[in-house]
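Only this structure's heavy atoms are used, side chains among them; waters, hydrogens and symmetry mates stay out.
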Amino acid sequence: MSFIQAILMGIVQGLSEFLPISSSAHLVFTSNFYKVIKGIEIVQTSNEEVFFDIMVHLGTLIAVLIFFRKDIANILKAMWNAIKTKDWSDKEAKLGLFIMLGTVITVFLALPINEVAEKLVYSPAIVGILLFITGFALLYSEYKSKKIEEKKCEVDLKTSIFMGIAQGLAALPGFSRSGWTIATGLFFGLDRVTAARYSFLLSIPIILGASMVYPLIKIDVHEAVQYNWTAIIAGTIVSAVVGYLCIKYFMKFISKFSLAIFAYYCIIAGIGTAVFFSIYG
C-alpha cells in the first residue's frame, strides 16, 4: 500500500460511499487498475488492502456521524424517553426502531453472501456488471417515483424492511449501498431527501460494526505492524473530509434533481470497466 494509492483510494471512498455509484466497486476498480498499471496480478491478495478498505469506510462513518450529529442525538434522546415512558409514538423514536430493524435484516442477508462478496474483489469485470445493474435500478426507481403523486416524508415499517433488504444485498461490490437503499425508498414513495437521510443513518450501525468486528477477528497483530500506517491514516482522514463534503452537497443536489445522472454514470462505468478488465484482467 503506497501513500499515493492510499490518498487516491481515500478520495474515491469519500466520493463514492454517499453518491449512489458503489464505493466498493470504485475501490475494486481503483485498486485493480493500479495493479494493472504496476504490472501486479489482480489475483494477488493483501490483508493490508482489506484492512485499508475497512479504515476508509471508518473515515466515511466519521463523516456521517459529524454531519448528522443533531439527528442522531434527537433519535437517541427520543428512544431513551420512549423506553422510560413506554410510549413509542414519537416519530424519531420509531425511526430509531426502524434503523435497528433494518440493520438486523441487513446482517442476516449480508453474512451469507459475504464470502462471495470478498471473492468478487478479484473479479472487477463482474463487479462492473453489477454496477451496470445498479444504474438500471436507479432509473426504474425514478420512473416509479414520478408516478407517485403524494410523497412520504416519514419512513414506515414496510419501507424500512425493504430498505434493510436492499442494504443487505449491497454487500456485493457493484450494488451501491446508498443507491439501492435510496432507490428502494423512492420506489415506496419517500421523497428524495427523506430517502437519502434514512439511507445515511441506516449505514451507521453496519459500518461501525464492520469497523469494530473485522480487526478483532481477522487482523494478525504481528503482520499489522508491517503495514504502511502513514498511508492508512492519511487515506482514512482524506475519506472522512471528502465524505463530509460529499454528503453536504449531495443532500442539496438530491433535493432539486433526480438520480438519473448517477444512473447513466453507473451504466457507462459498469460497461467500461467490465470490458477493460475482461481484456486486461
Nearest heavy-atom approach of A231 to A6 is O-CB, 3.2 Å
Residue set satisfying side-chain contact (heavy atoms from CB on, under 4.5 Å) with T194, at least two apart, ordered chain then number -> C153, V155, L190, D191
Taken in chain and number order and not counting sequence neighbours, the residues that satisfy side-chain contact (heavy atoms from CB on, under 4.5 Å) with F136 are F132, I267
Value for CD1 (I233) from CE (M55), rounded to nearest 0.5 Å, stands at 7.0 Å
Residues I21 and S176: closest non-hydrogen pair is N-OG, 3.5 Å
Please confirm whether the backbone N or O of V121 pairs with a side-chain atom of N32, one donor and one acceptor, at under 3.5 Å? yes
Exercise. Will you find, in the side chains of T181 and S199, an N or O donor that is under 3.5 Å from an N or O acceptor?
Worked result: yes
- Query: Using the ring of each side chain (for Trp, its six-membered ring), is F250 parallel, tilted or perpendicular to F262, with breaks at 30° and 60°?
  - Reply: perpendicular
**Request:** Using modelled atom types only, decide if a donor and an acceptor are shared between the side chain of S239 and the backbone of G10 within a distance under 3.5 Å.
**Result:** no
Cluster link V242 to I247, ILVMFWY, side chain under 4.5 Å = no
Practice prompt. Answer yes or no: is there a side-chain heavy-atom contact under 4.5 Å between W88 and I83?
Written response: yes
Check your understanding: Can you check whether N81 reaches D87 side chain to side chain, under 4.5 Å on heavy atoms?
Key -> no
Q.
In this structure, is the centre-to-centre distance between the rings of Y143 and F187 below 6.0 Å?
A. no
Any sub-3.5 Å donor-acceptor pair from Y198's side-chain atoms to F98's backbone N or O?
yes
Between F276 and F33, how do the two ring planes meet: parallel, tilted or perpendicular, split at 30° and 60°? tilted
When you check the gap from the basic side-chain N to the acidic O, do K94 and D90 get nearer than 4.0 Å?
no
Parallel under 30°, tilted from 30 to 60°, perpendicular over 60°: which one fits the rings of F277 and F29?
parallel
In this structure, CG of L138 is separated from CG of L259 (nearest 0.5 Å) by 6.0 Å
Side-chain contact test, heavy atoms from C-beta onward, threshold under 4.5 Å: evaluate it for I165 versus L169 and give yes or no. yes
Worksheet item: Checking side chain to side chain contact (heavy atoms under 4.5 Å, CB included) for the pair V56/V238: CA distance, chi angles, key distance, verdict?
Response: CA-CA 8 Å; V56 290; V238 168; over 6 Å; no
* Hey, does R177 have a side-chain heavy atom less than 4.5 Å from the side chain of F200? -> yes
Residues, nucleotides or ligands: over 12 heavy atoms within 6.0 Å of W229 CH2: yes
Between A195 and G185, the two heavy atoms sitting closest are CB-CA, 4.3 Å
Practice prompt. Could you go through the side chain to side chain contact (heavy atoms under 4.5 Å, CB included) check for N114 and E118 one step at a time?
Written response: CA-CA 6 Å; N114 187 59; E118 289 182 353; 3.2 Å; yes
Check your understanding: Above 12 or not: heavy atoms from other molecules or residues under 6.0 Å from CE of M251?
Key -> yes
**Asked** In terms of hydrophobic clusters joined by side-chain contacts under 4.5 Å, are L76 and L101 together?
**Response** yes
Do I133 and V28 share a hydrophobic cluster (ILVMFWY, side-chain heavy atoms under 4.5 Å, transitive)? yes
Exercise. Can you tell if the side chain of I72 reaches within under 4.5 Å of the side chain of I204, non-hydrogen atoms only?
Worked result: yes
Could you tell me whether the side chain of T106 and the main chain of G164 form a donor-acceptor pair under 3.5 Å?
yes
OG1 (T273) and CD1 (I268) are apart, to the nearest 0.5 Å, by 11.5 Å
- Query: In terms of side-chain geometry, is the basic nitrogen of R197 or E92 positioned less than 4.0 Å from the acidic oxygen of its partner?
  - Reply: yes
Next on the checklist: Can a donor-acceptor pair be found, under 3.5 Å and without considering hydrogens, that links the side chain of H26 to the backbone of Q13?
Outcome noted: no
- [ ] Test side chain to side chain contact (heavy atoms under 4.5 Å, CB included) on L58 and I207 and set out the steps.
- [x] CA-CA 7 Å; L58 182 60; I207 300 176; 5.7 Å; no
Within a radius of less than 6.0 Å around CD1 of I148, do more than 12 heavy atoms belonging to other residues, nucleotides or ligands occur? yes
Taken to the nearest 0.5 Å, the spacing of Y264 OH from L139 CG works out to 5.0 Å
Original post:
When you measure from the side chain of S141 to the backbone N and O of L186, does any donor-acceptor pair fall under 3.5 Å?
Top reply: no
Here the gap from I11 atom CD1 to C246 atom SG, rounded to the nearest 0.5 Å, amounts to 12.5 Å
Decide yes or no on side chain to side chain contact (heavy atoms under 4.5 Å, CB included) for S178 and F18, but give the supporting numbers first. CA-CA 6 Å; S178 61; F18 304 112; 5.6 Å; no
Here the pair of heavy atoms bringing P173 nearest to L130 is O-CD1, 3.3 Å
On a heavy-atom basis, the closest approach of T134 and P20 is CG2-O, 4.4 Å
Requested in this report: May I ask you to decide if S145's main-chain N or O and K151's side chain share a donor-acceptor pair within less than 3.5 Å?
Outcome: yes
Q: Answer yes or no: does atom CD1 of I113 have more than 12 heavy-atom neighbours from other residues, nucleotides or ligands under 6.0 Å?
A: yes
Indicate yes or no: at least one non-hydrogen side-chain atom of I182 is less than 4.5 angstrom from one of M163. no
Exercise for the section: Report whether I7 and L27 are members of the same hydrophobic cluster (ILVMFWY, side-chain heavy atoms less than 4.5 Å apart, transitive linking). Expected result: no
- Message: Main chain of F188, side chain of K152: is a donor-acceptor contact present, judged purely on distance under 3.5 Å?
- Response: yes
Separation between CD (E17) and OG (S203), nearest 0.5 Å, reads 6.5 Å
For the residue pair T103 and L202, establish whether any side-chain heavy-atom pair is separated by less than 4.5 Å. yes
* Asked: Would you say the side chain of Y244 lies within less than 4.5 Å of the side chain of I62, judging by non-hydrogen atoms?
  -> no
Is a donor on one side and an acceptor on the other found under 3.5 Å between the side chain of E48 and the backbone of N228? yes
*Determine whether I254 and F67 fall in the same hydrophobic cluster, where Ile, Leu, Val, Met, Phe, Trp and Tyr are linked whenever their side-chain heavy atoms lie under 4.5 Å apart.*
yes
Between A93 and A82, the two heavy atoms sitting closest are CB-CB, 4.0 Å
Ion pair present between R192 and E142, side-chain N to carboxylate O less than 4.0 angstrom? yes
Check your understanding: Is a side-chain N or O of S123 found less than 3.5 angstrom from the main chain of I126, in a donor-acceptor match?
Key -> no
